[in-house]
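Residue numbers start at 1 and run along the sequence shown.
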Amino acid sequence: MTDQRNPSTPIDPAKLDRLAEVAVKVGLGLRPGQDLLLTAPAMALPLVRRIAVHAYKAGAGLVTPILSDEEMTLARYRHGHDNSFDRAAGWLYEGMAKAFSDNTARLAIVGDNPMLLSGEDPSKVARASKTNSMAYQPALEKIVNFDTNWNIIAYPSASWAKLVFPNDPEDVAVGKLADAIFAASRVDREDAINNWASHNAVLRERTNWLNGQRFRALQYSGPGTDLTIGLADGHEWEGGASLSKNGISCNANIPTEEVFTTPHCRRVYGHVVSSKPLSYQGTLIDNIAVRFEDGKIVDAKASRGAEVLNKVLDTDEGARRLGEVALVPHSSPISQSGLLFYNTLFDENAASHIALGQCYSKCFVNGAQLTPQQIAAQGGNQSLIHIDWMIGSAETDIDGILADGSKVPVFRKGEWAKS
């Protein structure tokens, strides 16, 4: 297909179709007869429809879409009764959890305005988020434990595009964001499927090397940063395509540039500052600076959004501890784009990062056979949240610490020390 774009349709339809195909074939690895549960903003219907086409072509049993809408979300905050913010659709999430238990694949399309709730009551936003997180837990556990194959992709909504490109007319901004999404998602070229196979192979080389090292910890140094992150006992590095418990290989995130594993939630020491802002539920949290003792954040500051940051840290006991550590070179395509996407799916792939909260059981040797108690004993963290924020830059050095205390260079000046 050629570029059929015209001024009234700033999103290239050929590349949009390619993104849908990659989501189904690479992101999900959808199997014949498998059902698909899809969530998306209503404005992403053009992509939802293309996904349905490719899913049914791949033999999907049933594609079930669940759509959200920005105006309906705002209506709740502006007109809903106070007790509305302590309620969540638990019945929906219980149904989703049952679907995932029955081998239904999961696809999420993101695209809502990341700052949609910036003008709303922050206490209501925090209450609704916590209640929703608690209700979502049965379904979230199926996702973080990779019980089924799942994938997240993005669609360029007008509200999001104007946030990323505020000085451009809406149609131009949408076109620019669409092109940035297509490039980051590696669908801006014809042979996207094989391109993803090559990219996954590179990420697999990285994880194989890291798993062969069996580091006890990672030591970070850079401006404002002197941090040692212990790695969980029996940790395993993952990156790119991953095998879910139902035997299907999937790329959970498109785009992805990271390799990641589980830190030991009780063995993190030192201090670290963020290298990029974190967009969280309508608040931009900038210049985060935290200090860890025995794995727990004991001091946290931010030049902007500090109140929201501290509310997040008070979500539960695990919110002040790490559930993920990820390595991303400064030369990643998203970093080189120079864009702040205000969306973690993209921004986390611009820099090495850490995540507060829930760990992935997938990131343990034989993780599928481990009980939650065993994962906790090996250093895996448990929490209602999982929030990634960026700490890597062109000035970041990372060393791997072996069992005997010796060090192996992992990153130098933001790039892999081992080419």
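Contact detail for Val48 and Ala40: the closest heavy-atom pair is CG2-CB, 3.6 Å. When all heavy atoms of Val144 and Cys359 are compared, the pair lying nearest together is CB-O, 4.3 Å. In plain terms, the two heavy atoms of His235 and Arg214 that are nearest each other are O-NH2, 2.8 Å. Between Gly230 and Ala217, the shortest heavy-atom contact is CA-CB, 3.8 Å. The two residues Ile398 and Tyr220 come nearest to each other via the heavy atoms CD1-CE2, 3.4 Å. Minimum heavy-atom separation, Ala135 to Gly90: CB-CA, 4.1 Å.
No side-chain donor-acceptor contact under 3.5 Å links Thr104 and Asp102. In the model, Asn211 has no side-chain atom that pairs as donor or acceptor with a side-chain atom of Asn208 under 3.5 Å. Using a 3.5 Å distance cut-off with no hydrogens or angles, the side chains of Arg76 and Ser84 do pair a donor with an acceptor. At a cut-off of 3.5 Å, with distance as the only test, no side-chain donor of Asn151 or Asn253 sits close to an acceptor on the other residue. A donor and an acceptor atom, one from each side chain of Thr207 and Glu238, are nowhere located under 3.5 Å apart. Using modelled atom types and a 3.5 Å distance limit, the side chains of Ser159 and Glu70 yield a donor-acceptor pair. Between the side chains of Asn246 and Asn149, at least one donor N or O lies within less than 3.5 Å of an accepting N or O.
A salt bridge does not link Lys276 to Asp347: none of the charged nitrogens lies less than 4.0 Å from a carboxylate oxygen. Residues Lys245 and Asp147 are paired through a salt bridge, judged by an N-O separation under 4.0 Å between the basic side chain and the carboxylate. Taking the charged nitrogens against the carboxylate oxygens, Glu236 and Lys362 have no contact shorter than 4.0 Å, which rules out a salt bridge. Using a 4.0 Å cut-off between a side-chain N of Lys or Arg and a carboxylate O of Asp or Glu, Arg412 and Asp399 qualify as a salt bridge. Look at Asp86 and Lys130 and you find no salt bridge, because none of the NZ, NE, NH1 or NH2 atoms lies under 4.0 Å from a carboxylate O. Under the 4.0 Å criterion applied to side-chain N and carboxylate O atoms, Asp233 and Arg267 are assigned as salt-bridge partners.
Gln213 places a side-chain heavy atom less than 4.5 Å from the side chain of Val408. The closest side-chain heavy-atom distance from Trp237 to Leu327 is below 4.5 Å.
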**Request:** Before giving the answer on salt bridge (charged side-chain N to carboxylate O under 4.0 Å, His left out), spell out for Asp17 and Arg50 the whole-Å C-alpha distance, their side-chain angles and the decisive distance to 0.1 Å.
**Result:** CA-CA 6 Å; Asp17 185 75; Arg50 297 311 306 166; 2.6 Å; yes

Margin query: Go through it in stages, so that I can follow the logic: the residues are Arg186 and Glu257, the test is salt bridge (charged side-chain N to carboxylate O under 4.0 Å, His left out), and I'd like the CA-CA distance, side-chain angles, deciding distance and then a yes or no.
Written below: CA-CA 11 Å; Arg186 298 175 181 266; Glu257 302 293 333; 3.0 Å; yes

For this session: Would you check, one step at a time, whether the test salt bridge (charged side-chain N to carboxylate O under 4.0 Å, His left out) holds for Lys57 with Glu21?
Result: CA-CA 10 Å; Lys57 282 183 175 181; Glu21 183 180 18; over 6 Å; no

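Note: Leu309 CG to Leu313 CG = 4.5 Å, rounded to the nearest 0.5 Å.
The ring of Phe292 has its center no closer than 6.0 angstrom to the ring center of Tyr269.
When the shell of 6.0 Å around CD of Glu415 is examined, it contains more than 12 heavy atoms from other residues, nucleotides or ligands.
Ring planes of Phe341 and Phe346: parallel class, angle under 30° (limits at 30 and 60°).
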